[in-house]
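Worksheet: one structure, shown below.
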Amino acid sequence: MAWDLSVDLIQATVQLEQPLADGSRTVGTGFLIEDPTPDGRPRTILVTAAHVFDRMPSVSAKIGYRVQSKEGVWRYDPRTLKIRDGDHPLWVKHPSRDVAAIVVEAPPEFAKAAIPLAWLAQDDTFNKYSLGPGDEMMALGFPRGLSANTAGFPILRSGRVASYPLAPASAFPTFLMDFSVFPGNSGGPVFMAEGARRRPGSTESQEVQFVAGMLTQQVELSGERLEIGIVTHAKYIRETVAQLDKPSGPPLIQAAPAKPPSVAAAQDVVAVQAVAAPGFNR
């Protein structure tokens with residue numbers, strides 16, 4: 001049966017926000033993943049950029065759920081999401097990448113929108129589909145806290161892959177995408193959804209739909225935004241989700257500040273600035 005990853009991810013993507021003492025708010029993006037517990041119980045997980053939670057000082061944030069009436073009309077229905085127990089973060093964080101995950105109790109109708117973990121790219125996905133520089137991918141988010149409409153749906157944008165090589169993720173944990181990044185985009189999914197992609201040299205087309213990774217940063221050089229986004233590979237989202245099932249204790253990294261990923265060989269000359277910054281109002 002045909003399916004549309006774009007629509008499914010739009011429904012799974014939510015705005016995260018927390019008001020600050022000065023009247024402004026910190027805003028980021030997250031998306032929901034369905035991943036059962038080891039004993040098979042249903043579980044909904046929110047993933048986002050780790051620095052989104054790091055920059056939220058209070059114990060609770062707002063997660064932007066949406067509900068649909070019997071007449072089919074959507075409305076914005078944000079709920080409180082507890083992210084700390086006192087000073088203790090309730091999310092898990094990848095040891096080296098800017099990725100965080102937290103188990104959430106989503107409303108039943110919204111939990112259905114969570115995407116399966118299997119939709120995230122594997123280590124061989126990029127090579128399998130011969131993906132590379134110039135290929136178009138899409139991204140979802142809430143630039144400067146802006147939604148697509150009053151129902152709180154994310155804004156869909158697109159850009160071209162702007163770096164090479166893309167794999168393996170263990171050697172190149174991030175890749176670049178040519179599009180403008182704004183505060184509020186952090187944590188949004190980056191994905192490919194092509195119904196008829198043709199591999200180079202092939203006469204046959206194939207459906208290509210997968211989540212490539214998460215938008216985590218933008219690139220700046222000497223204080224100038226270069227309109228380039230940094231995407232962290234889906235491999236590290238998978239690894240972060242897997243940490244939820246590890247025993248709690250010192251080996252689990254939960255509270256250290258986010259480390260900005262490097263930009264391959266350009267790390268010595270490129271200043272990288274995190275995307276989700278406080279200071280924008282409705």
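FYI, side chains are in, hydrogens and waters are out, and symmetry mates aren't considered; it's all heavy atoms of this structure.
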Measuring from Lys82:NZ to Ser60:OG, what's the distance to the nearest 0.5 Å? 7.0 Å
Straight-line distance of Gln15 CD to Ser147 OG, nearest 0.5 Å: 4.5 Å
Taking only residues two or more places apart in sequence, or in another chain, which ones meet Glu34 in a salt bridge (charged side-chain N to carboxylate O under 4.0 Å, His left out)? none
With side chain to side chain contact (heavy atoms under 4.5 Å, CB included) as the test, would you mind laying out the steps for Val47 and Thr240 before giving the verdict? CA-CA 9 Å; Val47 295; Thr240 306; over 6 Å; no
Taking ring pair (Phe, Tyr, Trp, His ring centres under 6.0 Å) as the cut-off, I'd like each qualifying pair that reaches into residues 52-73, sequence neighbours left out, listed once. Phe53-Trp91, Tyr65-Phe110
Do Leu215 and Leu146 belong to the same hydrophobic cluster, where Ile, Leu, Val, Met, Phe, Trp and Tyr are linked whenever their side-chain heavy atoms lie under 4.5 Å apart, directly or via other members? no
Here the pair of heavy atoms bringing Ile237 nearest to Gly213 is CD1-C, 4.0 Å
On a heavy-atom basis, which atom in Ala12 and which in Ala113 lie closest, and how many Å separate them? CB-O, 3.2 Å
For Asp35, enumerate each residue passing the salt bridge (charged side-chain N to carboxylate O under 4.0 Å, His left out) test, keeping only those at least two apart in sequence or located in another chain. Arg43
Looking only at atom types and distance, does a side-chain atom of Arg84 sit under 3.5 Å from a main-chain N or O of Ser58, one as donor and one as acceptor? yes
Assess whether side chain to side chain contact (heavy atoms under 4.5 Å, CB included) is satisfied between Met177 and Ile228, documenting all intermediate values. CA-CA 6 Å; Met177 202 161 98; Ile228 297 174; over 6 Å; no
Counterpart residues, salt bridge (charged side-chain N to carboxylate O under 4.0 Å, His left out), relative to Arg75 (two or more places apart): Asp77
With rounding to the nearest 0.5 Å, note down the distance linking CD1 in Ile230 to CE in Met214. 14.5 Å
Distance-only polar pair, side chains of Gln218 and Arg225, donor-acceptor under 3.5 Å: yes
By ring pair (Phe, Tyr, Trp, His ring centres under 6.0 Å) - contacts of Tyr236 (at least two apart): His94
At their closest point, which heavy atom of Pro189 faces which heavy atom of Phe31, and how far apart are they? CD-CD2, 3.6 Å
State whether the side chain of Asn185 and the backbone N or O of Phe182 hold a donor-acceptor pair below 3.5 Å, judged by distance alone. yes
Indicate whether the side chain of Thr232 and that of Thr174 have a donor and an acceptor atom separated by less than 3.5 Å. no
Is the backbone of Gly152 close enough, under 3.5 Å, to the side chain of Arg66 for a donor and an acceptor to pair up by distance? yes
Counting the benzene-type ring for Trp, do Phe153 and Trp74 have ring centres under 6.0 Å apart? yes
Is there a donor-acceptor pair under 3.5 Å between the side chain of Thr13 and the backbone N or O of Ile10? no
Apply side chain to side chain contact (heavy atoms under 4.5 Å, CB included) to the pair Ile63 and Leu46, showing each step before the final yes or no. CA-CA 10 Å; Ile63 181 169; Leu46 170 73; 4.2 Å; yes
Taking C-beta and beyond as the side chain, do Leu117 and Arg238 meet within less than 4.5 Å on heavy atoms? yes
Quick one: does His233's side chain have a donor or acceptor within less than 3.5 Å of a partner on Leu166's backbone? yes
Charged N to carboxylate O below 4.0 Å: is that the case for Lys62 and Glu17? no
Any donor-acceptor N/O pair, Thr48 side chain to Thr29 backbone, under 3.5 Å: yes
Is there any salt bridge (charged side-chain N to carboxylate O under 4.0 Å, His left out) pair reaching into residues 104-115, and which pairs are they, with sequence neighbours excluded? none
Heavy-atom closest pair (His51 atom, Ser186 atom, distance to 0.1 Å) is NE2-OG, 2.8 Å
Checking side-chain contact (heavy atoms from CB on, under 4.5 Å) against Met138, which of Leu156, Leu5, Val190 comes through? Leu156
Taking the six-membered ring for Trp and the full ring for Phe, Tyr or His, determine whether the centres of Phe175 and Phe126 are under 6.0 Å apart. yes
